Amino acid sequence: MSEVRFSEVSKRFGGASVFERIDLTCPEHKYLCLLGPSGCGKTTLMRLAAGLESPDEGDVMIGGRRVNDLPPADRNIGMAFQNYALYPMLSVRENLTFPLRAPVRRRAWPESKINSRVDDIAQLLRIDWLLDRPIATLSGGQQQRVALGRALIRNPPVLLLDEPITHLDARLRYEMRAELKTLHAKLHTTTIHVTHDQQEALAVADLIAVMNAGRIEQVGPPVEVYRNPNTAFVAGFVGDPPMSVVRMPLRATEGCLQIDFGGRLLDLPEKFSQAFVNTVPPALLIGIRPSSVNLVPSGSPAPIPARVYSHEMVGRELQLMLSVGDSLLRYRSPDIRHFAVGDEVACDVNLDNARLFDAETGVAIII
Amino acid sequence: MHFENKQSWIKKAAAMAVAGAVSSIAVAPASAEGVLNGETIRILAIGDPVFQVMQRIHGDLEEMAGGTIELDVRGFDVLRQQVLLNAQNDVSNYDLISVDLPQFGEYKGFLVDLAGYVESSGMDWQDFHEAAWTGAYHDQMQLGIPIQPHPEIFAYRVDLFEEAGLEPPRTTEQVLAAAKALHGSKDGLSGICWNGARGTPLGQTITMVMGSHGLPVIAMDAIEGGFDLGNVRPENMHPQMESDTASEMAAYLMELMKFSPPGILNMAWDERVRVFAQGGCAMTYIWSGRSAIYELDEDAEARGKVSYLPHPAGPNGLNVSTLGGWFLSIPDNLPEDRRDLAWSVTEWLTSPEMMAEYTKHGNCVAPRHSVSVDEEVVARCPVIPFVDAMATNGEIAGWQRPPVPEIQQIFDILGAEFHEALAGAESPEDALKEAQRQLDRTMRRAGYY
Amino acid sequence: MKYFREKRRIAFAMISPSILVIVAINIFPILFAVYISLHLWSFGRGVPRFAGFLNYEELYYDGRFGDAVLTSAKFVFFAVLLEFVVGFALAFLFNVKVRGMATLRQIAVLPIMVMPIVAGLVWFYMFNENFGVINWLITLLGSEKVGFLTDLDVALFSIVLADAWQWTPFVMLVMFAALQSLPEYVYEAAKMDGLNAWQTFWRVTIPMLRPSIMIVILLRIVDSFKMIELVFMMTQGGPAGRTEVLPWYLYVTGFQALDLGFAAAMAVSMLILVTIFTQLFLSRVGIGNDNK
Amino acid sequence: MPRIEFDNVSKRYAPSSAAVENLSLTIEDGSFLCVLGPSGCGKSSTLRMLAGLESITEGEIRVDGKRYNELKAQSRDFAMVFENYALYPHLDVYGNLAMPLAARKMPRQEIARRVEEIANTLQISDQLRKKPRQLSGGQRQRVGLGRAIIRDTRTFLMDEPLGHLEAYLRQQLRTEIRRLHEELGATTFYITHDQEEAAAISDRIAVMSEGRLQQTGDLLTLLDNPVNRFVAEFIGNLPISILPASIASNAASPELSVGDARIPFSERRASEIADSTRVAAGRLEAGVRPDAVTLHEESARHRLPLRVSVVEPVGDMAVIVADGPAGRLRAAVPSDSAPSPGNSVHAEFDASRILLFDGDGRNILRKT
């Protein structure tokens, strides 16, 4: 039993609230990513699970058991830190065995058992050839593996990873994230992984919990979070590139809502109209995927006037930000041609796949 | 004597540390024949020459005594505080304490009367200089045995005086004349050295010079040939700094300034002796024991060329030198069963043999007539027969520094206030008046009148 | 929650002895000094007699006390000024990366290791008019001897000099450490911003050193206000009281005259003076002005 | 705008080891050049030599034809943005922005006007009275940028300015930097270790490794026509897969073997290889970018059989990590059609986009 559950937990530092009454569950054997920008409270939430912080209200449950009063060492969790937190003067082997040699574990971990365990873990993480090297001589990726090894060595049912691969360079990040996923497929350890990199979260997680400003915006499998963002924040944060979340003026004409794109009025798709049968909302946030935006020849009928706000190469594609009215729309250009900032272009927007969000709450309007 | 010089202060700090370490690991010597008979004696002592000698020969001393000698050596102020604190204990931490002559007035309430021991042990008390012996006699009690009492006397360079055809100065007038004649007569030669430094040094100079002008600083009872230092009552406590004698004293000191070496305003204790020793001045006021500084130093210019006199007298004064220095006393909170031992040790440490022994190690003090005629002692310390003669002639007395508890305050006030006059920051009259005012206030605060 | 409450309780239990020690060592003596200052008490003789504010009253009318406060203020001002200016300059000098500078620096800080009382002894003899090496040099150059410790106008500055000899290296050391800890990148930024050496010094170095400067000055002020050893060894307050700083007067009153009540009143006044001054200094000049 | 030339420039901190070796590089006036390389490749030393913060051991740096080697940093009139922001910690945002102007003794009012203008441009107007440590990383670097652009410098040096920021902030700010560049038109010399950032922001990328310049070009050149394996591996949003390969010397139809796959080559490509004397060197490696791979359920002679290890759904596309006897391959496929872990797949390569490296890592198919 290793489900991790936060039940109505609140945490404040001094007078400042980090979050209030958060509910979140990481089911047993699942890999949960806590995703959000810095300062959103994701690390604090994980530290509550680790026992490095105590909740001001609510309960932290591990395996159905309330652990609020349990010191970290008794919670049976492994944790890997962002900065690795290894002992630089010790060898890899000594770092790995460190958690086993704590006095309270002497009975559970006799010398013979320790050695075979270290060998197993080192093989699993492919650091067996490094065992006798001092930490200081290892590369960042190798150190990260050792840190993971140390977190895993007691075979904990719960693994907590605090931005474990953020500091690695791009190549290693790719390698390590595949590694993490393979490892999880093998061990099925219930894992909570904190990151600010949405790509990383999408790549490794079974479940993503998107956090923003102390709130959990959405919890779900990566594809779900990516495809159907529940809030405007998620829409603008997750995706490669994410949706453009724009605020456009609304026009109500004969019971039909229209959106003003820089002077060009587009009809709200049929499926949304029933949401506004009796009311005209003062404002809406509209999430538009880059793939729903197209450039059209300037002579086309009824184009939306736009200006190039920025252009950059991402992968093999040219990505543009188009300035329409007061808003910016992302656009991916299939062919690579030269744009300059300020160029005037004409575009067209397909609203069929758009998502609407309440301008006040940011919550998606779902039909 | 007393307020130890600055250099020895440092040496003493180091010595104390060493002594502390030594005494803490010391074990009683196997032989138990001497006065201690395997026991331990605890002495609270001052960092003056005689006790410094004891520290130096500590090992020999213990062997002689056949026991352990714990010698705690302290600076003047600290010693005084410890003695006062110890007196408040139920049981004394020390078997013996060292007492400065003017302190008997302050301490007499808690010291054992030794008269009985002197009597029963048959100590030859008449062998001691009379002024020294009676200096510890208060309220019909013998409160201490002299171990290092010596007077502040007057030293002059015989060779220079002869060269200039000058008479040995017996009066202040003669001193000034000689100083004037000799000052600057040679390169780097000044007339006279004395304690001119601010505070206690100058304060002591004032009390003693005022004494040689014929009056103590407070209104003590006059008796035959001096003042009654064994019986100071509250009504005796009035300061006398606005007297004619004080004015004469002040005038004399102001005159002395003219014939003093540079830096006289900061000169004290050993420094004046060292300037005298290297030929920086023709005369000096000097605690007799300190003559060892040049008499035992083969490189000193003054060595062997010095003769001694009691303090030169003022117009209405006497040729009397001030006695000071240290006595051994037994605190009255020492349990009865330790007193005999304390007495035995006192007797031993003040014996003629030990006194002679001290002179071997640079302590030119011998307050016993029998020691003063020892040829070896005299050869080492030419000053000793002079002092012995003064003692015999009644030219040594202790009343100049009245044995009252406020004596240190008196020194401080006089030494601070009159320094203003010497430095030219104030007139001597104003300085005396201010000193009088402050002394008066001190005595009133103490509740004497 | 119980675990954390337990942790806090244990933590409190662990630190409570230190709190007690702090109270015993820091607070109690101050309270005791205040208590004594309200009594007439001559050490070793009888019990203290309650006297109300008599001691303070006498202190108020005691010209010598006022003079001592003034002398202390003068001493502190000149000593700290000299130590700071020279120490600061030396710190910059030693910050230059030249071979042998480290050794030189180590030699330069030696005076700090000397016991103040020994420093006083050394300078007493250096300044002495009859044996002193400085006056010997002066006469060698054909000038008149200077009464470093006996001239009314010079003595205090001689003590300032001795104090500076001992403590300038301390200022130098602190400023040097502060200089070393200044981030290199800020200087690169300054170069790229086009600041010349003078501008870099006044606009970057000084403001960034400000907290260290304030701390070192404060430490030196408080410390030199308590200086007694040099006076003890060199002048005993002379000539004519021109070097009688407050601690020396206090020492004479409390430890030679043993007038404890009066000395305690002086100590309490001194404490109040120093506290007021440092508070004023901190609030006016401020260590960091981030909280504006 | 200045034109910057590095002419055979070397930097040695110790006689034996060169941080930068024989670097020759030109930055055309008004262009945006990005030096890209892993840490320790010498890019930082290069920038610092240009800035005047490091001396030049050998060679010459010229700006508009004028030798700059001996010119003091203060006199070079470059503005610099630092990785760690290098803000003056004791000054507030206003003070930091004003510093370059104050150094030039500009009148107070003029300074205030400029600061306000710049703060508006960078959306930090409401932060002017804050100290750097009260700001987030993104805000700090905006101040760093503002300080660089506040005086009319015509050259910007940027030392990994986004290195310390989180991913989404990096993306935001790189857009700003690029826009500023186009607005101001200043010559910009930018260094980074992030190839995605380099591609997004610059006109041209110079790839460095171990003190040497490897290749200079725009992104597509570097992607499709890298000089060597290092550049091929370093460039590209998704990592290139490198697999052992050999040329089947069947005269009838030239084939490339990659693992068990036999991939027919066009005559033209085959002849390119045949021409190359390098093939003789022996060992060959094929580089395949994930977007040049398609995965199929059916096997074929020209397909490489693999087993899926990891599926990473990163948006519309999923990255498939698949392993076989020949090694590990990454493929980018639409997430809707992504296989599951454990599935067998058969990878087909776009033959025209296969890169071939010889034993020394050189690209033997490189078009010059």
Side-chain angles (χ1 to χ4, degrees), chain A residues 36-39 140 163 166 169-175 177-182 184-185 195-205 221-227 236-242 289-291 308-319 321 328 332 336 339-342, chain D residues 38-39 136-138 165-171 174-183 193-203 205 218-220 223-224 233-234 236-240 289-291 309-319 321 323 328 330 332 335-336 338 341-342:
Chain A
S38 63
E163 310 220 357
T166 313
D169 65 42
R171 280 316 95 160
L172 265 170
R173 260 203 321 268
Y174 277 113
E175 228 166 86
R177 81 188 193 193
E179 207 74 53
L180 283 173
K181 212 161 179 182
T182 314
H184 183 252
T195 181
H196 62 252
D197 185 338
Q198 51 102 8
Q199 279 257 1
E200 181 181 314
L202 289 173
V204 296
V223 177
E224 180 63 22
V225 170
Y226 167 77
R227 291 213 176 130
F237 194 74
V238 180
D240 191 22
R289 288 208 180 280
S291 53
V308 173
Y309 178 82
S310 72
H311 56 91
E312 57 189 40
M313 288 291 293
V314 177
R316 285 179 173 279
E317 288 176 349
L318 187 62
Q319 281 189 12
M321 295 256 255
L328 293 176
R332 290 155 76 168
I336 293 158
F339 288 99
V341 169
Chain D
S39 63
S136 70
L165 302 179
E166 295 187 6
Y168 60 97
L169 280 174
R170 272 207 303 272
Q171 283 171 13
R174 79 186 187 205
T175 304
E176 299 295 328
I177 291 176
R178 178 68 207 191
R179 276 176 53 77
L180 279 170
H181 169 71
E182 295 204 11
E183 233 165 70
H193 65 267
D194 182 339
Q195 60 84 28
E196 183 181 329
E197 185 177 309
I201 208 168
S202 64
D203 299 327
I205 301 172
D218 62 17
L219 176 69
L220 292 181
L223 277 175
D224 294 334
E233 285 197 278
F234 204 76
N237 251 6
L238 291 172
I240 194 168
R289 297 206 178 273
D291 57 351
S309 301
V310 178
V311 178
E312 301 177 342
V314 287
D316 289 340
M317 301 297 277
V319 177
V321 183
D323 291 300
R328 173 164 278 194
R330 278 190 169 78
S335 20
D336 299 330

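Letters A, B, ... are given to chains in the order of the sequence lines, protein chains preceding strands, and every chain is numbered from 1. Since the model is a prediction, treat every value here as computed from it, not as a measurement.
- In this structure, no portion of A/Pro241 lies under 4.5 Å from any heavy atom of chain D.
- In terms of heavy-atom proximity, D/Pro313 sits nearest to A/Val223 at CB-CG2, 4.0 Å.
- In this structure, A/Asp197 and D/Ala167 approach most closely via the heavy-atom pair CG-CB, 4.4 Å.
- Ranked by heavy-atom pairs under 4.5 Å with chain A, the list D/Glu196, D/Arg330, D/Glu176, D/His193 is led by D/Arg330.
- Salt-bridge check for A/Arg227 with D/Asp336: passed, with a basic side-chain N closer than 4.0 Å to an acidic carboxylate O.
- By the side chain to side chain contact (heavy atoms under 4.5 Å, CB included) test, D/Ala332 pairs with D/Leu238, D/Pro290, D/Met317, sequence neighbours left out.
- Contacts between D/Glu183 and chain A at a heavy-atom distance below 4.5 Å are absent for every atom of the residue.
- Within the model, atoms CD1 of A/Ile336 and CG of D/Leu219 stand 8.0 Å from one another, a figure rounded to the nearest 0.5 Å.
- A/Phe237 touches chain D through its side chain: at least one heavy atom from C-beta onward sits under 4.5 Å away, while N, CA, C and O do not.
- Proximity of D/Val321 to A/Tyr174: side-chain heavy atoms (C-beta onward) are nowhere separated by under 4.5 Å.
- Taking CG from A/Asp240 and CG from D/Asn237, the interatomic distance works out to 7.5 Å, rounded to the nearest 0.5 Å.
- Under the 3.5 Å distance criterion, the side-chain polar atoms of D/Arg178 are left unmatched by any main-chain donor or acceptor of A/Val341.
- The residue among A/Arg289, A/Arg171, A/Lys181 with the most heavy atom pairs within less than 4.5 Å of chain D is A/Arg171.
- Neither the backbone nor the side chain of A/Leu318 comes within contact range of chain D, judged by heavy atoms closer than 4.5 Å.
- Only the side chain of D/Glu182 comes within contact range of chain A, with heavy atoms under 4.5 Å apart.
- No donor-acceptor pair under 3.5 Å is formed between the side chain of A/Tyr226 and the backbone N or O of D/Val314.
- The pair D/Glu312-A/Arg177 meets the salt-bridge criterion, since a charged nitrogen lies less than 4.0 angstrom from a carboxylate oxygen.
- Not a single ring pair (Phe, Tyr, Trp, His ring centres under 6.0 Å) links A/His311 to another residue, sequence neighbours left out.
- Contact of D/Leu180 with chain A is not made at all, since no heavy-atom distance falls under 4.5 Å.
- When D/Asp218, D/Asp291, D/Leu169 are compared by the number of non-hydrogen pairs under 4.5 Å with chain A, D/Asp291 comes out ahead.
- Within the model, atoms CD of D/Gln171 and CD of A/Gln319 stand 8.0 Å from one another, a figure rounded to the nearest 0.5 Å.
- To the nearest 0.5 Å, atom CG of residue D/Asp224 and atom CZ of residue A/Arg316 are 4.0 Å apart.
- Expressed to the nearest 0.5 Å, how far CG of D/Asp316 lies from CZ of A/Arg332 amounts to 6.0 Å.
- Among A/Pro222, A/Ala178, A/Ser310, the residue with the largest count of heavy-atom pairs under 4.5 Å with chain D is A/Ala178.
- If you measure heavy-atom distances from A/Val314 to chain D, the contacts under 4.5 Å come from both the backbone and the side chain.
- Contact annotation for A/Ala170: neither backbone nor side-chain heavy atoms come within less than 4.5 Å of a heavy atom of chain D.
- Minimum interatomic distance between D/Tyr168 and A/Pro37 (heavy atoms only, all atoms of both residues): OH-CB, 2.5 Å.
- Atom CZ of D/Arg179 sits about 12.0 Å away from atom CD of A/Glu312, to the nearest 0.5 Å.
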